[in-house]
Protein chains: 2
Amino acid sequence: MGSSPKTGTSPAVIRVLTVDDHALIREGVAALIANQKDMSLVGEASHGREAIEQFRSHRPDVTLMDLQMPEMNGIDALIAIRSEFPEARIIVLTTYAGDALCKRAMKAGAQAYILKGNVRKDLLDTIRAVRAGKKFIHAEVAAELASHATDDSLSEREIEVLSLIAAGSSNKLVADQLAISEDTVKGHVKNILSKLGVNDRTHAVTAALKRGIIEL
Amino acid sequence: MGSSPKTGTSPAVIRVLTVDDHALIREGVAALIANQKDMSLVGEASHGREAIEQFRSHRPDVTLMDLQMPEMNGIDALIAIRSEFPEARIIVLTTYAGDALCKRAMKAGAQAYILKGNVRKDLLDTIRAVRAGKKFIHAEVAAELASHATDDSLSEREIEVLSLIAAGSSNKLVADQLAISEDTVKGHVKNILSKLGVNDRTHAVTAALKRGIIEL
DNA sequence: CTTCCGACACCTCAAAAGAGGGATGCAGGT
DNA sequence: ACCTGCATCCCTCTTTTGAGGTGTCGGAAG
């Protein structure tokens, strides 16, 4: 790369799409990219549905995707885009360092997961790396990921139960809402506590919130 | 004020300081302000301590302050700046719509409280309004505020107890950590449940998180 | 100087939650 | 066919929580 005079996929500008419900963030990304000779912002979207439309019409080389947006969240948009365009290169750019969120995003086909906090140098480097086909997970998140490497993740049902508990339901109420017996709920709760390594339901909820397993 | 031809405090540019731990947000603010003829960005800070320094050296007309930053949070920075410069005009610019957070910020001397989400038009208008001495609270937050207008807020001690509960402590453990009797803790918990309008400790924690009374 | 409120403490009692055990059926993969 | 994970249900037992009610003490506000 460099001496050969040719087609030049490398020297071509990287076409970027930014997806974030916060206008300020999109503005920041736009400003950052405007200063790069090898990049160009080709579109913006403020939620998942719009992201899909923008992707269809612009076919960006790299997409910066926030999670937690109105209308349609980033994970769902990620899945939708990747199912339609399997070669899509998508970087998750979020505030949350939860390991569960990161796992879901990477499983959904994200190429990188970085935090809005320490973006200074990471963002631009990551865009270039991802365009080149590499993957990247922010160190802070990677540490989270590593610290929970051993413990198995919650099942769909367990997440459902835990969400209802977080919303203020007792075991009996959860049982009613899910149309199962209270004993079954207790069984689920026991597994949840064990998997999260906590001793009571309240701590289970806060631990799951920290890790991005459930939302408020 | 308006028809008289004079000193011109109004036509002068509004000098703005932006405080946010997210570089992208600062970048976005900078880009937005750069397009306004009547505004000029005079400084940036990524946490509370730096905000105080920057305020001292630049004396901005208006300061945009995020809450929840490392080193020193926005509320504390707000208080510190306002105690040193009582005329300081500070706009809280945050992601969180919790009414408790807003109440604390306004009590600490903030002139406005707006959300990063719907910034498009609000931000610039708010900067001008605040410079002119007006106050402003984002509609979404105001609604939150109104919906909790009647219920009294938690005492310091109650917040302390609730935080420990959120961290996974039983009543007995909370009692040990605060060096009080378990019965007293139960008394506090009872008041907490009553004030927050919930039936159990887990819901109390999630309700308090939503309202910005405690943090994760 | 009262009056009110918050923090503190003690009591009883019923309901919920958590720890222990075991058992069934069903789906997916080997 | 077998095994494993998951969801489901049942039982017993102890601990924790939450709902009642009462009272003291100190400080802040009236």
Side-chain angles (χ1 to χ4, degrees), chain A residues 99-100 103-104 107 148-209 211 213-214, chain B residues 100 103-104 107-108 148-209 211 213-214:
Chain A
D99 65 294
K103 263 184 204 156
R104 265 198 292 162
K107 188 171 298 179
H148 296 294
T150 57
D151 57 29
D152 22 26
S153 51
L154 301 194
S155 70
E156 289 288 323
R157 197 55 154 175
E158 285 160 355
I159 292 175
E160 206 170 356
V161 168
L162 189 52
S163 299
L164 289 173
I165 289 175
S169 297
S170 65
N171 287 339
K172 173 168 285 303
L173 278 176
V174 171
D176 290 349
Q177 291 170 83
L178 296 182
I180 56 180
S181 107
E182 187 182 345
D183 283 306
T184 303
V185 174
K186 289 181 120 184
H188 287 314
V189 171
K190 197 183 307 189
N191 291 332
I192 293 169
L193 298 183
S194 156
K195 286 184 178 177
L196 295 181
V198 298
N199 302 311
D200 65 273
R201 54 178 46 222
T202 304
H203 198 185
V205 167
T206 56
L209 284 171
R211 296 182 49 187
I213 297 172
I214 60 173
Chain B
K103 263 184 202 156
R104 265 198 292 163
K107 188 171 297 176
H148 296 293
T150 57
D151 56 31
D152 22 26
S153 51
L154 301 193
S155 70
E156 289 286 324
R157 198 54 155 175
E158 285 161 353
I159 292 175
E160 206 170 355
V161 168
L162 190 51
S163 300
L164 290 172
I165 288 174
S169 296
S170 66
N171 288 340
K172 173 168 284 301
L173 279 175
V174 172
D176 290 348
Q177 290 170 84
L178 297 181
I180 57 181
S181 105
E182 187 182 345
D183 283 302
T184 301
V185 174
K186 290 178 110 181
H188 287 314
V189 171
K190 197 182 307 190
N191 291 332
I192 293 169
L193 297 182
S194 157
K195 286 183 180 178
L196 295 181
V198 298
N199 302 311
D200 65 272
R201 53 180 47 221
T202 303
H203 198 184
V205 166
T206 56
L209 285 171
R211 295 182 50 187
I213 297 171
I214 61 172

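The chains referred to below are lettered A, B, ... by the order of the sequence lines, with proteins before strands, and numbering in each begins at 1.
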Closest non-hydrogen atom pair, A:G168 against B:D200: O-OD1, 3.4 Å

Closest heavy-atom pair and its distance - A:I214, A:L209: O-CD2, 3.6 Å

Sugar-phosphate, base or nothing in reach of B:N191, heavy atoms under 4.0 Å: nothing

Interatomic distance where CD belongs to B:E182 and P belongs to C:dC8 [whole Å]: 14 Å

Closest-nucleotide 5' rank along DNA chain C - winner of B:K186 and B:D200: B:K186

Interface residues of residues 161-178 of chain B with DNA chain C (non-hydrogen, below 4.0 angstrom): none

Heavy-atom check, side chain of A:L196 versus side chain of A:H203, under 4.5 Å: no

Under-4.0 Å side-chain N/O to phosphate OP1/OP2 contact, A:R201 with C:dA17: yes

Nucleotide nearest B:I180 (side chain, heavy atoms from C-beta), chosen from C:dC8, C:dG21, C:dG6: C:dC8

Step-by-step side chain to side chain contact (heavy atoms under 4.5 Å, CB included) determination, B:L164 to B:V185: CA-CA 11 Å; B:L164 290 172; B:V185 174; over 6 Å; no

Nearest-Å distance for atom pair CG/P, residues A:D183 and C:dA19: 15 Å

Nearest listed nucleotide, side chain of B:T184, among C:dA9, C:dA7, C:dG20: C:dA9

A:R157 side chain reached by A:I180 side chain, heavy atoms, under 4.5 Å: yes

Where chain B begins and ends its contact with DNA chain D, read 5' to 3' at 4.0 Å from heavy atoms: D:dT17 to D:dG20

Nucleotide-resolved protein contact map, nucleotides 24-30 of chain C, B/S/- at heavy-atom distance under 4.0 Å: -------

Distance in angstrom units between A:K190 NZ and C:dG20 C1', rounded: 6 Å

Touch class at under 4.0 angstrom, heavy-atom based, for A:S181 against every strand present: sugar-phosphate

Donor-acceptor pair, side chain of B:S163 and main chain of B:I159, under 3.5 angstrom: yes

B:L193 versus B:A204, closest heavy-atom pair with distance: CD2-CB, 3.9 Å

Closest contact, heavy atoms only, A:V189 versus A:R201: CG2-NH2, 4.1 Å

Nearest-0.5 Å distance, CG of residue B:N199 to OG of residue A:S169: 10.0 Å

Worked verdict on A:E158 versus A:L162 for side chain to side chain contact (heavy atoms under 4.5 Å, CB included): CA-CA 6 Å; A:E158 285 160 355; A:L162 189 52; over 6 Å; no

Shortest non-hydrogen contact between A:A166 and B:T206, atoms and distance: O-OG1, 2.9 Å

